There are 2 protein chains.
Amino acid sequence: MARNKYPEKTVNMILDAAFKLFMEKGYERTSIQDIIDNLGGLSKGAIYHHFKSKEDILIAVINQMTAESNQLLAEVRDRQNLNGREKLRAIFKESLFRPVQDDIFSVAPNLGDSPQLLFGIIKDTLYEAVPHYVLPIIRQGIADGSIVTDYPSELAQLIILAANVWMNPMIFDDSPEESHNKFMVFGQMMKGMGLDILDKEMLERLENLAQIYHDNK
Amino acid sequence: MARNKYPEKTVNMILDAAFKLFMEKGYERTSIQDIIDNLGGLSKGAIYHHFKSKEDILIAVINQMTAESNQLLAEVRDRQNLNGREKLRAIFKESLFRPVQDDIFSVAPNLGDSPQLLFGIIKDTLYEAVPHYVLPIIRQGIADGSIVTDYPSELAQLIILAANVWMNPMIFDDSPEESHNKFMVFGQMMKGMGLDILDKEMLERLENLAQIYHDNK
DNA sequence: CATTTACATACCGACGTTTGGTATTTATAT
DNA sequence: ATATAAATACCAAACGTCGGTATGTAAATG
């Protein structure tokens, strides 16, 4: 392939192909050669010019995946008219209802078969999204009295892990019914900690996503 | 190496070496050759006679790791003098206080750097330990009135995931302080769901294990 | 025009796995 | 009790693929 005047286009091509393959086959079962074969004529040298390792590609893919989500979290975090509790509710709801979720659940990735990718996302969530976006919201909630806890950081972790990992139908291959049940238990847990912020709309959206996922696999 | 009259001895040698290496270096960074080198003179062919793939060894190692734990769970499940709630408490306490835990935390595996091993353990826990041991306990608790939930299976999953994964200092590299905080939040969550079954002894033991882990890494 | 950048090509060592064979044990038949 | 057949345990070597690198080349830049 001829040299590209705008190398970022090439980078994006690589990332798109890698993303697609990581989703379809899982990270560990996707070879560099697979990525090359999905790229109209681009060579291995090109890939290693833009990325220093296969794991480097994985990291970039994960960042690309979480970037948009983090932007939403940042936006909610910086709103002025909500208290902490309401912001917590907002990030759940708006994350669930992002239109891209339909696309993601449509490719039906078997995340449960891609431990490196999955764990990368989890770490990214825990060490990026939680401290930078969720924790400030919890802290605000403590300050304004809408959230009560002595351990904001760990509370944020547990909630986000339960919501984003355990309740993600793609990770544990949950049916809509299982998603329903998990949501109910999650709601019970949140309620128990004084955070009654879930509603029927969110439940229905989760079931809907689980359905989309199951129809496409 | 001469042919062994009792091939199970050879299998165990392989498993022991693999376990040690998986713990020290992580699954993905342990090669078959590494295992051979830790086995006085055994050949690669021998390994592939007893195991059909590297992943097959991983699965066997995981089964070996969880077998002992599951035995404890089965024992508690089948006790006659406790209600469901008390049994739930018992499996937490007795799992924490198993003496082997000291050994496991001493080798200080960087589980967080071994996603395949870690996810294997999680799946094993979720799809073996939960349905066979924890779920019956929850069901008994519902029957005898000591536990209240409409979704026993999902409740069991969430509790076990939080306790065994999120609160495991080896997985997220937690300091004793972080372990302390996680335990407090976990306790708050359990209390919120009507399961006030944690005590100071358990907290101290968890901190102790986190300390052992940190001293050995 | 000189230098940097974006790629292509050829290659490397290490890896997981397969194969073909040998020695030892176990089961069967005499 | 012994001979023989079959199954098992193991070895040594080689295969194909992998992630990664060294080197070459042509396009873009300034």
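A quick note: this is a predicted structure, and the numbers were derived from the prediction, not measured.
Atom pair B:Ile47:CD1 and C:dT19:C1' shows a separation of 17 Å (rounding to whole Å applied). In this entry the distance linking NZ of A:Lys9 with P of C:dA6 reads 15 Å, nearest Å. B:Gln116 places its CD atom 13 Å from the C1' atom of C:dG16, with the value rounded to the nearest Å. Spacing between atom CZ of A:Phe51 and atom P of C:dA6 amounts to 13 Å, rounded to whole angstrom units. Distance B:Ile36 CD1 to C:dC15 C1': 11 Å, rounded to the nearest Å. Here C:dT17 presents its C1' atom at 14 Å from CD1 of B:Ile35, a figure rounded to the nearest Å. At whole-Å resolution of the value, NE2 in A:His50 and P in D:dG20 are 17 Å apart. A straight line from CD1 of A:Ile57 to C1' of D:dG20 spans 11 Å, rounded to a whole angstrom.
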Using nucleotides 14-19 of chain D, report all nitrogen or oxygen pairs with the protein that are shorter than 3.5 Å.
| from | atom 1 | to | atom 2 | distance (Å) |
| --- | --- | --- | --- | --- |
| D:dG19 | OP1 | A:Lys54 | NZ | 3.1 |
| D:dG19 | OP2 | A:Ile32 | N | 2.8 |
| D:dG19 | N7 | A:Lys44 | NZ | 3.2 |

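Not counting sequence neighbours, A:Asp150 has no partner by the salt bridge (charged side-chain N to carboxylate O under 4.0 Å, His left out) test. Under the ring pair (Phe, Tyr, Trp, His ring centres under 6.0 Å) criterion, A:Tyr213 pairs with no residue at all, not counting sequence neighbours. Taking B:Arg205 as the reference, B:Asp102 meet the side chain to side chain donor-acceptor pair (under 3.5 Å) condition, with sequence neighbours excluded.
OP1 and OP2 of D:dC10 both lie 4.0 Å or more from every side-chain N or O belonging to B:His49.
Note on residues 24-67 of chain B: pairs passing ring-ring contact (aromatic ring centres under 6.0 Å, His included), not counting sequence neighbours, are B:Phe22-B:Tyr27. Sorted by first and then second residue, the ring-ring contact (aromatic ring centres under 6.0 Å, His included) pairs involving residues 91-117 of chain A (not counting sequence neighbours) are A:Phe92-A:Phe186.
Judged purely by atom type and a 3.5 angstrom limit, A:Gln80 uses its side chain to pair as donor or acceptor with the backbone of A:Asp78.
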